[in-house]
Amino acid sequence: MLEALQLEEGNGVLSALNLYCKKTEVDVREALFKEGGCWVCNLSYKSCLRDTNGSGSGVGKKAARLQASIQLVLCLRAFEL
């Protein structure tokens, strides 16, 4: 399900991650804070089979969340291979 994402552009990453979490019945924990002049977002996915994190930073909250989502999806895709 996560293998067809266009991660370079961020197209559909957030919606795919939300669908993946809904299907696996896991809630992603989010920590969002400002560090210096940038926002930092840490996402944590924990299930009985997987425990992984993604983090990202950006000028705004949305950009930081997108970068963290991309990192988290990359980690989750590694489990699927």
Side-chain angles (χ1 to χ4, degrees):
M1 175 163 86
L2 296 172
E3 66 277 349
L5 294 176
Q6 297 175 348
L7 296 176
E8 301 80 33
E9 301 166 8
N11 293 337
V13 172
L14 292 172
S15 60
L17 181 59
N18 288 334
L19 179 62
Y20 187 81
C21 292
K22 184 177 177 182
K23 295 276 186 184
T24 57
E25 298 179 1
V26 172
D27 291 327
V28 171
R29 293 180 185 233
E30 177 182 275
L32 191 62
F33 55 93
K34 197 160 190 176
E35 187 174 273
C38 294
W39 283 94
V40 177
C41 180
N42 293 321
L43 297 176
S44 179
Y45 178 96
K46 186 173 183 176
S47 70
C48 59
L49 298 175
R50 295 170 179 84
D51 186 3
T52 189
N53 301 301
S55 64
S57 62
V59 176
K61 293 178 184 178
K62 189 174 183 179
R65 190 175 289 122
L66 178 62
Q67 292 302 315
S69 297
I70 290 171
Q71 290 300 313
L72 183 59
V73 167
L74 285 171
C75 291
L76 290 170
R77 282 177 58 180
F79 285 114
E80 289 184 350
L81 297 176

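Starting from 1, each residue takes its place in the sequence as its number. Just so you know, these numbers come straight off a predicted model, no measurement behind them.
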Contacts table for residues 57-67: side-chain donor-acceptor under 3.5 angstrom, sequence neighbours left out:
| residue | atom | partner | partner atom | Å |
| --- | --- | --- | --- | --- |
| Arg65 | NE | Glu30 | OE1 | 2.7 |
| Arg65 | NH2 | Glu30 | OE2 | 3.2 |

Indicate, with yes or no, if Val13 and Val26 share a hydrophobic cluster defined by side-chain heavy-atom contacts under 4.5 Å among Ile, Leu, Val, Met, Phe, Trp and Tyr. yes
Residues forming a side chain to side chain donor-acceptor pair (under 3.5 Å) with Thr24, sequence neighbours excluded: Tyr45
Does Ile70 share a hydrophobic cluster with Val40, counting links as ILVMFWY side-chain heavy atoms below 4.5 Å and allowing steps through other members? no
Residues passing the side chain to side chain donor-acceptor pair (under 3.5 Å) test with Ser44, sequence neighbours excluded, are Asn53
For the CD atom of Gln71 and the OG1 atom of Thr52, what is their distance to the nearest 0.5 Å? 9.5 Å
Could you tell me which residues satisfy side chain to side chain donor-acceptor pair (under 3.5 Å) with Asp27, sequence neighbours excluded, listed by chain and number? none
Let me see the working for Arg77 and Val73 under side chain to side chain contact (heavy atoms under 4.5 Å, CB included), right down to the final yes or no. CA-CA 6 Å; Arg77 282 177 58 180; Val73 167; 4.0 Å; yes
Which distance, rounded to the nearest 0.5 Å, do you find between the SG of Cys21 and the CG of Leu72? 7.0 Å
Who pairs with Glu25 by side chain to side chain contact (heavy atoms under 4.5 Å, CB included), at least two apart in sequence or on another chain? none
